[in-house]
Protein chains: 2
Amino acid sequence: MSKYEPVATGQDTSGCCTPLAAPMNPDEAAELSQVFKALGDPVRLRLLSLIAAREGGEICVCELTPAFDLTQPTVSHHLKLLKQAGLIASERRGTWVYYRLLPEATDRLATFLAHPGTSAEIEATDGTAS
Amino acid sequence: MSKYEPVATGQDTSGCCTPLAAPMNPDEAAELSQVFKALGDPVRLRLLSLIAAREGGEICVCELTPAFDLTQPTVSHHLKLLKQAGLIASERRGTWVYYRLLPEATDRLATFLAHPGTSAEIEATDGTAS
DNA sequence: GCTCTGCATTGATGGCTGTCGATGCAGGCA
DNA sequence: TGCCTGCATCGACAGCCATCAATGCAGAGC
């Protein structure tokens with residue numbers, strides 16, 4: 001290297017700007033980001049926390065709503081987004097509706113965060129994560 | 001239970017609507033949600049993935065920009081948001097700027113996702129969560 | 001010094017999102 | 001049957017965000 005060149009750690013073919021094969025395809029990124037986006041709101045984060053804190057993992061909407069300085073439609077809206085993201089599920093039981101956590105979703109996010117550089121699909125098939 | 005009552009699993013004091021002590025205070029939720037929000041975009045998710053996939057955990061901006069169908073200012077904007085969220089750090093080296101992953105941030109998120117019902121602070125300070 | 005390159009910042013703009021009041025709908029009860 | 005309650009949906013609106021072109025700034029080379 002005669003001049004300053006960005007050291008492409010491990011592969012200095014043309015010095016710089018070697019467009020790398022993305023370890024995460026756009027589709028997967030779009031899908032995962034939807035789940036993260038659902039957690040990108042303090043209200044939804046607290047909702048998830050309240051649901052998960054409940055023994056049995058189930059909680060009635062009538063208990064969630066008064067925990068916030070928000071109207072009932074707003075809380076319902078946030079619950080809908082969490083549900084669409086696959087983070088929680090709902091079940092009607094008589095007059096009341098119960099929400100419960102879906103651990104698979106949070107597990108998936110945790111897996112990605114543990115290895116952000118490798119596609120999340122990989123370790124579902126094999127365990128050869130060096 | 002004579003009538004239908006929402007079974008507050010473990011504590012059926014007044015039937016329903018017992019406003020529970022939030023296991024996550026709003027301040028903490030607001031802070032954590034900022035980091036999740038930073039991941040709530042497919043471009044930033046791929047950026048983080050690209051950075052983390054690099055051996056040594058460092059990558060030049062000039063390698064990141066051409067990996068997207070976006071203008072250079074837009075990519076720079078996303079990198080700035082990831083940096084503000086504490087997920088990555090930057091270092092100028094000559095003409096080029098290198099970004100690297102900050103594993104503490106992703107570890108913190110993974111910890112929350114593993115136990116969404118318990119405050120992330122608790123296990124650091126005390127355990128007197130009544 | 002001047003110029004060129006790599007990256008950040010600015011300002012503008014269209015689309016998305018959080019919030020609300022109003023309303024609808026389902027289930028229980030008298 | 002009619003009413004009441006719990007929750008979801010709708011429509012509207014303000015604030016935020018992703019994106020771009022234009023510009024600024026720092027470092028390297030001549």
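Chain naming here is simple, since letters A, B, ... match the order of the sequence lines and numbering starts at 1 in each.
Using modelled atom types, one side-chain atom of A/T65 and one backbone atom of A/V61 make a donor-acceptor pair closer than 3.5 Å. Judged by distance alone, the side chain of B/S90 and the main-chain N or O of B/Y99 form no donor-acceptor pair under 3.5 Å. Under the 3.5 Å distance criterion, the side-chain polar atoms of A/R44 are matched with a main-chain donor or acceptor of A/A38. At least one donor-acceptor pair closer than 3.5 Å links the side chain of A/T111 to the backbone N or O of A/D107.
Across the protein-nucleic acid pair, B/E91 atom CD and C/dC7 atom P stand 14 Å apart, rounded to whole Å. Residue B/E63 contributes atom CD, which lies 19 Å from atom P of C/dT5 at whole-angstrom precision. In this structure, CZ of A/R92 is placed 11 Å from C1' of C/dG28, rounded to the nearest angstrom.
Residue A/Y99 has no polar side-chain atom (N or O) positioned under 4.0 Å from OP1 or OP2 of D/dG6.
A/L87 pairs with exactly one of A/L102, A/V35, A/L47 by the side chain to side chain contact (heavy atoms under 4.5 Å, CB included) rule, that one being A/V35.
Candidate nucleotides D/dA28, D/dA8, C/dC7 were compared by shortest atom distance to the side chain of A/S76, and D/dA8 ranks first. For B/W96, taking side-chain heavy atoms from C-beta onward, the closest of the listed nucleotides D/dT9, C/dG28, C/dC7 is C/dC7.
Annotation: proximity of residues 82-90 of chain B to DNA chain D (heavy atom, distance under 4.0 Å) is found for no residue.
The pair B/R46-A/E28 fails the salt-bridge criterion, with no side-chain N (NZ, NE, NH1 or NH2) lying under 4.0 Å from an Asp/Glu carboxylate O.
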Inset, instruction - Let me have a per-nucleotide readout for nucleotides 14-20 of chain C, 5' to 3', with B, S or -, counting only protein heavy atoms under 4.0 Å. - result: ---SSBB
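Of all heavy-atom pairs between A/P116 and B/L101, the closest is CG-CD2, 4.2 Å.
Listed by first and then second residue, the side-chain hydrogen bond (donor to acceptor under 3.5 Å, both in side chains) pairs involving residues 66-76 of chain A are A/T71-A/T74 (not counting sequence neighbours).
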